[in-house]
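Have a look at the structure below, then the notes.
Note on naming: letters A, B, ... go to the chains in the order of the sequence lines (proteins, then strands), and numbering restarts at 1 for each one.
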Amino acid sequence: MTAVSKRMAHSFRLNQVSRKAEAAFHLVLGLFSLACIVPFLFVIIISFSAEDSIRRIGYSFVPAAWSTDAYRQVLSLGDALWHSYFNSFFITIVGTLVSVTMCVMYAYPLFRRDYRFRSFFSFLSFFTMIFGGGLIPTYIVCKNLLHMSNNYYALIVPMLVSPFNIIIMRTFFQTSVPFDLIEAATIDGSGEYSTLIRIILPIVKPGIATVSLLTALAYWNEWFLCLLYVTQRELYPLQYLLMEMQRNAEFLARNSSMIGAAGADAIRTLPSQTMRMAVVVFIVLPIACAYPFFQRYVVAGLTIGSVKG
Amino acid sequence: MKKMLALLMAAMLAFSALPVLADSPVEISILFEGCNVTDDAAVLEKLNPYLAEKIGVTIKPVWGTWGNFDDLAFNAVTTGSDEYDILFTCSWTKNEYAPYARKGAYVRLDDPDDNLLAEYGKELTEVLPALLFEGAMTEGPDGQKGIYAVPGFKDFATMNTWDVNVTLLEKYGYTLDDVVSAGFYGWGDIFAAVKAGEEADGRVFYPFIFEGAVAERNVIGTPIVTGDANSLLSYYMNVEDVSVPGVYGNTFVNKYATPEFEKFVRQMRAYYEAGYIDPAVAIGETATDAWRNAQNTANYLISSEVSLYGYEFTTSEQRGIQVAYVMTTDAPYIDNTSVQGAMMAISANSAHPEEAMKFLNLLNTDPYVMTLLNYGVEGIHYNLNEKGEVEFVADARSTYSPWTNGVGNVTLLPPQKGQGADFQEKFAEFYSGSKKLPIYGFTFDTKPVENEIAAVANVKEAYALSLFTGAVDPETALPELLAKLDAAGMQKIVDEANAQLNAFFGN
Amino acid sequence: MKRGAGIPGGAKKTFWLTTMMLPATIWLLLIRYLPMFGIMMSFLEYKLPNRKMPFPVNLLHSPWVGLDNFSFLFTGESLNMIRNTLGYNALWIVLGLVISVTFAIMMSEITRKFMAKTYQTLMFFPYFLSWVVVAYFLFAFLDPTNGMIVRAQKSAGGAVIDWYNTPVYWPFILTICSIWKNTGYSTVLYLSAITGIDRSQYEAAAVDGAAKWQQTLHVTLPHLKPMIIILLIMNVGKIFNADFGLFWSVPMNSAPLFPVTQVVDTYVYRAYKSTGNVGMSTAAGFLQNLVGFVCIMAANAIVRRLDPDSSLF
């Protein structure tokens with residue numbers, strides 16, 4: 001291509017990168033994306049592989065025999081499975097709503113340069129990212145003082161505030177909210193809350209979508225809180241159901257020489273590898289379904305931003 | 001308005017007074033471990049009225065699993081929580097008996113001032129063998145020895161064995177005697193013949209699949225030293241007669257520094273390089289899976305097992321082959337590890353230690369309570385056949401299966417299908433022939449050398465399994481390990497342990 | 001006085017803004033600050049609480065042992081794990097930053113938004129998965145008897161690599177795993193920052209004759225700067241903390257790999273498992289906090305000197 005035609009192409013493409021460059025982008029991103037998804041497909045294939053096939057040819061993208069045994073085993077968990085499915089959804093939805101509300105309410109004044117106690121509250125939250133009291137004192141405070149034991153609070157409250165998300169949210173305010181807007185609104189007599197809700201929130205939608213996504217993911221994948229505070233099976237989230245299988249297997253492996261023959265029986269009744277893979281599929285599927293929904297908001301935010309410009 | 005308030009106050013007072021009414025039974029919360037219980041309603045419905053009537057107690061079990069084994073009791077003990085009145089404890093994993101007793105987490109049961117055992121546990125002390133209580137003696141916070149938990153009455157002696165697939169062995173013209181007489185150092189030819197034969201059709205076969213640490217114990221003859229959770233020390237048994245000391249006398253040695261150990265790992269290396277050992281048993285996370293899988297699918301020639309009486313009947317049937325267990329000592333040996341393997345302690349934070357003791361007493365002496373708690377309700381979870389043996393109802397059992405050894409006195413249980421009506425008598429007779437190790441009763445207190453142990457354990461962890469299974473070359477790895485152990489303070493640990501052992505024998 | 005101080009409202013404004021902070025503040029005080037007294041456990045020989053001395057009274061009865069609980073972190077062996085922790089973190093901070101910013105910019109330049117969206121969705125996927133699951137993926141390939149790669153090597157007649165016993169490959173494997181799992185996440189962060197940029201700025205730059213890469217340099221990157229800097233500072237603060245799951249599960253806890261897989265967190269965990277000493281693990285956590293604090297303060301001070309607006313506090 002000559003310099004002239006290059007410039008022509010350039011102007012035709014309305015300030016975009018060249019086709020060649022874009023092709024290269026597609027190649028790089030495409031390959032990486034493929035690498036990201038292939039192992040999950042592999043897990044699905046393994047979850048549908050017959051145990052016998054795994055024993056004979058190992059893990060393979062093309063198993064010698066297919067089987068739905070693993071899923072039949074998972075479904076035979078019955079109530080335990082559906083309870084924990086419900087719990088996971090409940091915890092994720094309630095947790096995300098409360099957590100994101102608190103996050104936005106905390107991040108907004110931090111972004112207001114005219115707020116008096118800004119640096120104090122900044123420090124108050126960021127300091128906890130680096131310093132903590134450790135597991136045992138936190139456990140005692142939550143359990144003895146706040147009575148988080150065998151209830152939904154225990155699975156929601158300890159993760160409500162994430163200083164990291166506060167920082168992300170504050171950064172979003174900084175990069176996308178023009179300060180004059182607040183000034184104008186205040187002069188018009190708008191209260192602080194109504195300014196935030198009516199004027200600011202619509203602008204930072206992409207930020208809220210991002211923070212919601214991160215929070216929801218964190219709640220969905222959480223199992224350690226359940227290990228700490230919950231012994232009632234009706235309260236197990238799905239993730240813990242899987243972790244428990246995993247931890248059962250690990251414990252028996254580590255201590256088999258101590259448990260002896262009784263352990264051999266326990267190991268024999270452990271869920272098979274394929275069944276664990278099937279549970280992984282059960283866990284990942286809802287996220288995979290919900291993610292594009294979140295993404296739409298991110299994209300919607302994008303269009304609003306560019307229309308405004 | 002005032003009247004209303006007064007009425008409200010009166011109502012509240014009445015409510016708060018309710019729990020102390022004399023007739024209502026006391027609820028005892030119990031932490032069991034290693035269970036798979038999702039539905040205990042049927043059991044509690046039968047059990048609680050019975051307990052209430054007999055001893056004025058009802059129970060609220062918390063069914064710990066293997067997965068939270070390390071955490072539930074640990075959290076309760078370290079935070080001083082009163083949520084459990086009775087806690088499972090043992091000499092292994094994080095919910096350890098001796099250190100917690102020393103730190104004051106449990107009620108002393110034979111306290112001279114308040115002897116719960118004598119007062120509420122009389123039947124219990126008559127039923128359980130005296131040697132169990134002997135093994136349960138440990139130091140309390142006051143430095144005095146006492147009993148801090150009720151030991152479980154189970155297979156209380158250790159049997160380290162080689163698990164031999166006799167069916168496969170005989171297919172190649174060998175007998176069990178050949179395996180026994182050749183011994184660990186002479187199995188090369190047998191392995192070679194069986195491997196060649198089994199691989200004739202092109203598949204991969206590993207004749208020797210075992211648990212690294214148990215193989216070491218089998219070959220060298222070293223029991224677990226109680227308190228030495230990281231397996232740093234060796235005490236050499238006399239495998240011809242486990243009741244007298246072995247070649248090194250009554251001392252502890254650095255496990256990795258003896259000529260016996262070097263000979264063992266060199267042989268393992270030879271077997272590994274010849275392709276007799278499955279490489280998967282050398283990788284921490286896959287070792288147990290590979291080993292148990294090979295056993296369950298009868299895909300091995302020789303394996304290892306910490307076995308118990310009558311186990312070959314069970315496994316032969318399960319695997320569809322003839323299994324033999326070759327004991328590596330002259331008799332099952334009694335050590336703290338086997339005696340303290342599963343115990344029930346009363347929490348120092350419990351508000352009802354007397355009631356807890358009453359319950360433990362009944363649990364260990366009343367077959368009805370023990371069977372109900374362990375096997376569930378007859379007609380729902382199991383049925384008795386005409387021989388009086390238990391046959392489980394698979395569906396109901398899958399929602400209610402506690403870990404039998406973790407509950408209490410297993411000798412109260414009816415026999416399971418295939419064991420025969422006289423199983424418990426045979427079981428008891430077999431274990432009455434077991435012998436006490438000379439160091440029985442000794443517990444290594446690691447507190448004085450805790451810093452060294454933290455460092456040494458990390459070093460040891462990096463080498464032990466690979467050496468035990470032949471995955472690394474001892475020519476280079478062994479000197480490396482010894483040098484690093486030395487630098488991390490191994491000698492100090494060995495010296496401390498020996499000083500404690502001397503004090504133990506001096507007493 | 002900074003811009004914006006001119007907003008009227010005074011005490012009333014401050015009051016209303018403060019009420020917004022209340023819910024999270026109460027949470028922080030209760031669940032983050034209150035337990036901080038536990039730091040003192042680093043210096044104590046922890047005595048178990050009981051009925052006569054419940055927590056935290058038992059802390060008063062626990063003897064002071066000074067720095068004893070810290071010493072296990074500084075034996076001959078520990079130098080190696082400190083090197084691993086700092087080395088991997090430093091490498092991954094830089095690598096992660098470069099890759100995810102590059103990917104975010106690439107994505108924002110793709111004309112077919114549907115494709116960009118697809119890439120983004122796919123790349124975020126690994127972030128959902130726990131390390132345990134990732135470990136099994138890897139094992140499916142590297143398993144010494146059944147792994148796909150091992151089978152392929154065997155059938156090709158080549159030498160079979162004993163992956164789980166050969167440390168040299170693992171710095172690369174761990175790096176790939178870390179990038180693979182985390183890139184999608186940070187790409188989304190940067191991408192949403194890019195979407196917040198006013199398009200007219202690009203058009204103005206284009207009118208001025210700036211080529212696309214120049215626009216990236218002069219418009220996109222300056223806009224990403226606050227976020228890059230914040231994420232950098234925060235990562236630097238965690239330089240002495242390792243992702244436990246990655247270093248524990250992914251190498252399958254294989255012992256011969258320890259020289260390249262042992263990091264502070266796994267070392268402390270193994271030491272904790274072997275001693276059950278609460279004081280020691282609290283001490284290790286405290287030290288990690290301290291190092292992180294110093295690093296974050298240093299990084300923040302440097303940033304503040306260079307560009308006061310971007311500093312964290």
Side-chain angles (χ1 to χ4, degrees), chain A residues 51-52 54-58 76-80 83 135-144 149-150 223-224 226-234 236 240-270 272-273, chain B residues 31 34 36-39 62-72 75 78-81 83 90-93 154-155 158-160 203 211 213-214 217 224 284-289 291-293 295-297 299 304-308 311 314-315 318 337-338 341 398-399 401 403-406:
Chain A
E51 289 274 338
D52 186 51
I54 292 175
R55 217 167 292 132
R56 258 193 309 144
I57 62 164
S76 76
L77 289 172
D79 278 356
H83 269 253
L135 189 66
I136 291 184
T138 311
Y139 177 81
I140 292 168
V141 167
C142 287
K143 193 147 186 171
N144 296 2
S149 177
N150 279 327
W223 57 270
F224 194 63
C226 185
L227 174 72
L228 286 180
Y229 301 113
V230 173
T231 51
Q232 264 174 28
R233 276 164 188 268
E234 300 81 58
Y236 281 10
Y240 188 69
L241 209 63
L242 174 72
M243 270 325 280
E244 201 190 44
M245 293 176 192
Q246 183 64 32
R247 289 174 60 93
N248 279 343
E250 268 171 23
F251 182 88
L252 289 168
R254 225 182 19 251
N255 297 293
S256 59
S257 69
M258 308 299 281
I259 309 168
D265 284 327
I267 288 173
R268 203 180 2 263
T269 54
L270 279 180
S272 61
Q273 202 76 319
Chain B
L31 176 63
N36 178 22
V37 174
T38 50
D39 182 9
V62 173
W63 302 106
T65 62
W66 300 114
N68 55 27
F69 203 107
D70 280 351
D71 299 275
L72 292 186
N75 289 344
T78 34
T79 61
S81 154
E83 62 191 311
C90 58
S91 62
W92 43 288
T93 86
K154 54 176 187 79
D155 51 324
T158 305
M159 278 170 73
N160 291 328
R203 73 183 185 125
E211 201 178 358
V214 176
R217 231 181 283 159
I224 297 167
E285 298 289 298
T286 59
T288 311
D289 263 0
W291 160 61
R292 286 297 188 199
N293 226 324
Q295 286 185 337
N296 290 336
T297 55
N299 231 331
S304 66
E305 187 70 78
V306 182
S307 188
L308 55 83
Y311 196 49
T314 322
T315 48
Q318 273 164 356
T337 308
S338 54
S398 73
T399 64
S401 35
W403 173 37
T404 306
N405 278 355

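- For A:Asn248 (side chain) and B:Trp66 (main-chain N/O), a donor-acceptor pair under 3.5 Å exists by modelled atom type.
- Nearest heavy-atom pair across A:Leu227 and B:Leu72 is O-CD2, 4.3 Å.
- Rounding to the nearest 0.5 angstrom, the gap separating the OG1 atom in B:Thr399 from the CG atom in A:Asp79 is 11.0 Å.
- Using a 4.5 Å cut-off between heavy atoms, A:Tyr229 does not touch chain B at all.
- Taken to the nearest 0.5 Å, the CZ atom of A:Phe251 stands 10.0 Å off from the CG atom of B:Asp71.
- Between atom OG1 of residue B:Thr65 and atom CE of residue A:Met245 there is a gap of 11.5 Å, rounded to the nearest 0.5 Å.
- Rounded to the nearest 0.5 Å, atoms OG1 (B:Thr79) and OH (A:Tyr139) are 5.5 Å apart.
- A:Arg233 contributes no side-chain N or O that, together with a main-chain N or O of B:Asp39, makes up a donor-acceptor pair within less than 3.5 Å.
- Note that the CD atom of B:Glu83 and the OG1 atom of A:Thr231 stand 7.5 Å from one another [nearest 0.5 Å].
- Of the two parts of B:Thr337, only the side chain, counted from C-beta on, holds a non-hydrogen atom closer than 4.5 Å to a non-hydrogen atom of chain A.
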